[in-house]
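Note: hydrogens, waters and symmetry copies are ignored here, and every other heavy atom, side chains too, is used.
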Amino acid sequence: MSSVSPIQIPSRLPLLLTHEGVLLPGSTIRTSVDTARNLQLVRSRLLKGTSLQSTILGVIPNTPDPASDAQDLPPLHRIGTAALAVQVVGSNWPKPHYTLLITGLCRFQIVQVLKEKPYPVAEVEQLDRLEEFPNTCKTREELGELSEQFYKYAVQLVEMLDMSVPAVAKLRRLLDSLPREALPDILTSIIRTSNKEKLQILDAVSLEERFKMTIPLLVRQIEGLKLLQKTRKPKQDDDKRVIAIRPIRRLTHIPGTLEDEDEDEDNDDIVMLEKKIRTSSMPEQAHKVCVKEIKRLKKMPQSMPEYALTRNYLELMVELPWNKSTTDRLDIRAARILLDNDHYAMEKLKKRVLEYLAVRQLKNNLKGPILCFVGPPGVGKTSVGRSVAKTLGREFHRIALGGVCDQSDIRGHRRTYVGSMPGRIINGLKTVGVNNPVFLLDEVDKLGKSLQGDPAAALLEVLDPEQNHNFTDHYLNVAFDLSQVLFIATANTTATIPPALLDRMEIIQVPGYTQEEKIEIAHRHLIPKQLEQHGLTPQQIQIPQVTTLAIITRYTREAGVRSLDRKFGAICRAVAVKVAEGQHKEAKLDRSDITEGEGCREHILEDTKPESISDTTDLALPPEMPILIDFHALKDILGPPMYEMEVSERLNQPGVAIGLAWTPLGGKIMFVEASRMDGEGQLTLTGQLGDVMKESAHLAISWLRSNAKKYHLTNGTWLAILGIQL
């Protein structure tokens, strides 16, 4: 069998001067490059080089700190280590520098320095043999008893460590597979040794001398571990003492270094996490994935970025409510009373909720319906969803979808991305802690679309009762059952909802309130809420229904009650100022003073005759009399009415007709005005009119022309000016 020729390093090597440690053959270190010579070496050889030889450097330990760039080359240590640059990482903060990951190959001796600038280059002589397939048996025979003695101490040292740690078990296997002549350098870089001792090992060119110098270092480390085991108190009787070590890095068959640091706390967290996985009630598929990931986590060093990602993933998996749910309250009478107390009107919506409760009484495994409340703003769509959850006794979670334009907000990010996280559906389930909450998908008609995908398309799987029992989030990558979740979506209009998404939801129209309904809502809910928020009591302020009607008709014009609620808030703030100043005891002022605009004044309801009011204005009223808000007080507090002219007043004018316009906010009343004058018979349209409105105007003028004789419009020319006011 032909012998294998040894591997030779280049005879000329660029020299990298290090002051952060001693690199031995077979070990791997990270070193910082921040001096001018070393920076030039990295830029010229490593960043621009294309061949394998350009990544081989000569690493020289430099005792003095070369942070100050001297013009002259400092004295060089005669023996160095030929190294392979595995990784180069650069940064410009706080100053330009590089970080190199280098692995030692063999020793060399400097024969002659060929040049010093811009970086030193030397002619070198290789001192160690490098073989691709070393003959381990031949080496053991040549070294004899010294090699066996060293091997015995090395095995004893490794076996004193915790063999359950993957890095320790790997090191034990390497003791049998690596050539004996490589072990002194490798173990010296693992155990606790000073740079001076490592420098002595580096200078030991003779293999026999190297073994003799390393054996005392192993014995010293063994004695230190024995002393540590005697003095260390175990946490539990059956606990194993763990000496944490730095994970082994390998380049081909060459191992890296180990570091002694305490990882007991982290190991305890992993044990607790593993226990939670075993005791969790997750499905079999999810359990298999968690077991696989926990095994990978045990083998990872904490310094790896993937370690934190995997740990966060496992913590999310054990926190999800796979089989945890709440029990529904199925008392229909109590549910009806609760819905009536929380919301006035909305009979169609309440009826649908009670129907769901009735069916749940007859069938326990009913899938959650997909409801969509469509109506103008301010009619209580969101608050109804909260009341539904309260009625059923379920947890409530609101997801705002307005402006969402990334499908990852629904399905989550894949774990291959930096900063990945689960979607809002899975995150909401983690927040509520049960698998049958009430999810309110607010403003589903305002979803966007971008290069990151269409979130409306991602909702198709979530809101499909035939598919959401097997919903797969990109972050989890396992199926989760959403069939027990009660989804309620809200929208102002169905025009902007994609047809495929609209088809999966049960549309329930929530119309705007009439004046009578607004009055009831105001006195049942809005006024008591505002009084509580402003610290007032019914004994301090009274708002009669006539005043409420005036606010509705003259100060607001909306389908909901949000503006009405704000008007009540303004009234309560004005009254709170007077109450705080103690002016609510003043007498009711004469109406003539009010019209002169002398400020906001109180109007006290007195149980006296009208003719006696003027006689009592100068008298102090009892302190228990409340402040009465009438129309004159409204004018002082809220200002002149915004909608002064009534419909009947407008219709009394000739040439004015009334019309209705549909809008997503509930619709508006339009007044159509026409004037007759001399002209050329042309039609002038003013206002912001759509195509349908323009067609209607042209249709009207065509009808007038066809009936001109009937209405005596034939004499002279005429011009109709039509204006529409919203």
Side-chain angles (χ1 to χ4, degrees), residues 3-11 13 21-29 56-61 77-84 102-111 124-158 171-222 248 250-258:
S3 61
V4 181
S5 60
I7 302 175
Q8 296 292 331
I9 63 173
S11 59
L13 287 178
V22 179
L23 177 66
L24 295 174
S27 64
T28 301
I29 65 170
I56 298 179
L57 310 173
V59 180
I60 300 294
H77 196 76
R78 67 181 186 89
I79 296 179
T81 305
L84 184 67
I102 51 179
T103 299
L105 300 177
C106 65
R107 289 174 176 81
F108 68 85
Q109 182 178 356
I110 298 178
V111 177
V124 299
E125 177 186 356
Q126 184 173 341
L127 300 178
D128 295 338
R129 290 173 57 88
L130 279 177
E131 297 182 1
E132 187 175 2
F133 303 101
N135 193 339
T136 306
C137 298
K138 180 179 179 181
T139 306
R140 293 178 183 177
E141 294 175 359
E142 293 176 353
L143 297 176
E145 295 181 359
L146 192 61
S147 172
E148 293 298 328
Q149 184 182 6
F150 178 86
Y151 177 76
K152 180 184 68 173
Y153 284 121
V155 172
Q156 182 181 357
L157 173 64
V158 175
L171 178 60
R172 179 64 185 87
R173 293 192 299 269
L174 290 176
L175 291 179
D176 296 330
S177 60
L178 288 176
R180 290 288 175 88
E181 64 266 22
L183 293 180
D185 292 329
I186 294 173
L187 290 178
T188 301
S189 62
I190 292 175
I191 62 179
R192 292 184 180 274
T193 52
S194 63
N195 286 339
K196 183 178 179 180
E197 292 172 336
K198 292 181 180 179
L199 199 59
Q200 293 174 355
I201 300 297
L202 179 64
D203 293 339
V205 180
S206 172
L207 191 57
E208 182 178 357
E209 181 183 0
R210 205 180 306 159
F211 273 109
K212 290 180 180 180
M213 296 178 64
T214 312
I215 288 176
L217 300 178
L218 292 180
V219 174
R220 184 182 66 186
Q221 188 71 27
I222 291 173
I248 296 179
R250 290 189 63 193
L251 178 67
T252 65
H253 64 281
I254 303 176
T257 60
L258 297 175

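In this structure, Leu57 and Leu13 have side chains that are not in contact, with every pair of non-hydrogen atoms separated by 4.5 Å or more. Side-chain atoms of Ile201 and Pro184, non-hydrogen and from C-beta on, never get closer than 4.5 Å to each other. Between Phe108 and Ile60 there is a side-chain heavy-atom pair separated by less than 4.5 Å. Contact annotation: the side chain of Cys106 never approaches that of Thr81 to less than 4.5 Å [non-hydrogen atoms, C-beta and beyond]. The side-chain heavy atoms of Leu157 and Gln221, taken from C-beta on, include a pair separated by under 4.5 Å.
Applying the side-chain contact (heavy atoms from CB on, under 4.5 Å) rule to Lys152 yields no partners; only residues at least two apart in sequence or on another chain are considered. With sequence neighbours excluded, no residue satisfies ring-ring contact (aromatic ring centres under 6.0 Å, His included) with Tyr153. In this structure Arg220 satisfies the side chain to side chain donor-acceptor pair (under 3.5 Å) test together with Glu197, sequence neighbours excluded. Listed by chain and number, the residues in a side-chain contact (heavy atoms from CB on, under 4.5 Å) with Gln200 are Lys196, Met213 (sequence neighbours excluded). Residues forming a side chain to side chain donor-acceptor pair (under 3.5 Å) with Arg210 (at least two apart in sequence, or on another chain): none. Looking at residues two or more places apart in sequence or on another chain, you find a side chain to side chain donor-acceptor pair (under 3.5 Å) between Asp203 and His77.
Taking CG from Leu218 and OG1 from Thr193, the interatomic distance works out to 10.0 Å, rounded to the nearest 0.5 Å. How far CG of Leu174 is from CG of Leu183: 9.0 Å, rounded to the nearest 0.5 Å. Distance check, rounded to the nearest 0.5 Å: CD1 of Ile186 to OG of Ser27 gives 8.5 Å. The OG1 atom of Thr214 sits 7.0 Å away from atom CG of Asp185, with the distance rounded to the nearest 0.5 Å. Atom CG in Leu146 sits 8.5 Å away from atom CG in Leu207 (nearest 0.5 Å).
A donor and an acceptor atom, one from each side chain of Thr103 and Thr28, are located under 3.5 Å apart.
A cation-pi geometry, defined here as NZ or CZ lying under 6.0 Å from the six-membered ring centre and within 45° of its normal, holds between Arg180 and Tyr151.
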